[in-house]
Amino acid sequence: MKNYASILELLLRLRQACDHPYLVFAAALSKDSVRSKECPLCLDVIDDAVAPRECGHPACRSCLLECVQRTKRCPVCRADITFESIGTLPRATRFSVDLKTRWRSSAKVDALLKDLAEIQTLRKQNGAEGVGKTVVFSQFTSMLDLVWMALDRAKIKSLRIDGSRFENEKELSLSTSNVLLVSLRAGGVGLNLCAASCAILLDIHWNPQFDAQAQDRVHRHGQTRDVVIKRYIVNGSVEEQLLKVQKRKQDIADGALGAATEKDKKQAKLTELKLLFAEA
Ligand SMILES: [Zn+2]
Ligand SMILES: [Zn+2]
């Protein structure tokens, strides 16, 4: 398939459109060619591109941070890299519209605000022992930007854990925010989110593992409250098809037939792409 990269890119736009229209605008107007490149770690189009100063090989911010934590090496050239060389890269302005003057919500943002209001009411009735904090996951750090803004407008305090800062458990436990915004791919790897009892997954990733890990962080040992997990899926959209891809991946993983080589991975991705465009 010759147009593999552009198909991935278009799919990314469809997935982003399910979250918020501004995600698509921001990307379409960006002249940065890095954006349409493939990430060496997740094999998807790069989201929130960063590159280590040492070698300049780009990857998604969250993918690369997770990789550094694990291996301390660049995934492309194996150069030694550190958190500092990624963490200090300037964060470019990501939206082509002025969010302050031209703010608009989206179906998912509205749904989130409604759910958070209900959770807050429950919390008042049952106390913090009964209903914990809420963790909101997205695979797009730009979506977390927009959600942060929406919450700020609604006067809801939130704490971001998405690799743009280096948080620790102490800061988390001291925080008075009831809402935590977490990057699905890497935010707070190994972070124990027991203080939370509700998880809301704003979007759906190719890989069911990311979703499972996100849910596990709330379902940790030591969790004493009932856990509620919600996932937002737009009816009749690419997200419904992605659910099928996730199921197929899970079936393969369960059967321990996981693709091992790079070539196998590419082949598996092609099969997934065909599944995405298959009739329901
Ligand atoms: Zn990536
Ligand atoms: Zn490199």
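Remember, it's 1-based here, ligands and their atoms both numbered in the order they're listed.
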Salt-bridge test for [X] and [Y]: reply yes if a basic N is under 4.0 Å from a carboxylate O, no otherwise.
X    : Y    : value
D251 : K247 : yes
K108 : D115 : no
R73  : D80  : yes

- [ ] Mind reading off the angle at the Zn ion (ligand 2) between the SG atom of C77 and the SG atom of C55, rounded to 10°?
- [x]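 The SG/SG angle about the Zn ion (ligand 2) sits at 110°.
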
Task: Angle in degrees, rounded to 10°, that SG of C39 and SG of C60 form at the Zn ion (ligand 1) - done: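 With the Zn ion (ligand 1) as the vertex, the angle is close to 110°.
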
- [ ] Taking the Zn ion (ligand 1) as the vertex, measure the angle between atom SG in C63 and atom SG in C42; round to 10°.
- [x]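 It rounds to 110°.
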
TODO: Could you tell me whether the side chain of D145 reaches within less than 4.5 Å of the side chain of T141, counting heavy atoms only?
DONE: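 No, every pair of side-chain atoms sits at 4.5 Å or beyond.
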
TODO: Considering just N/O/S atoms, say which atom of H57 is closest to the Zn ion (ligand 2).
DONE: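 Going through the N, O and S atoms of H57 one by one, ND1 ends up nearest to the Zn ion (ligand 2).
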
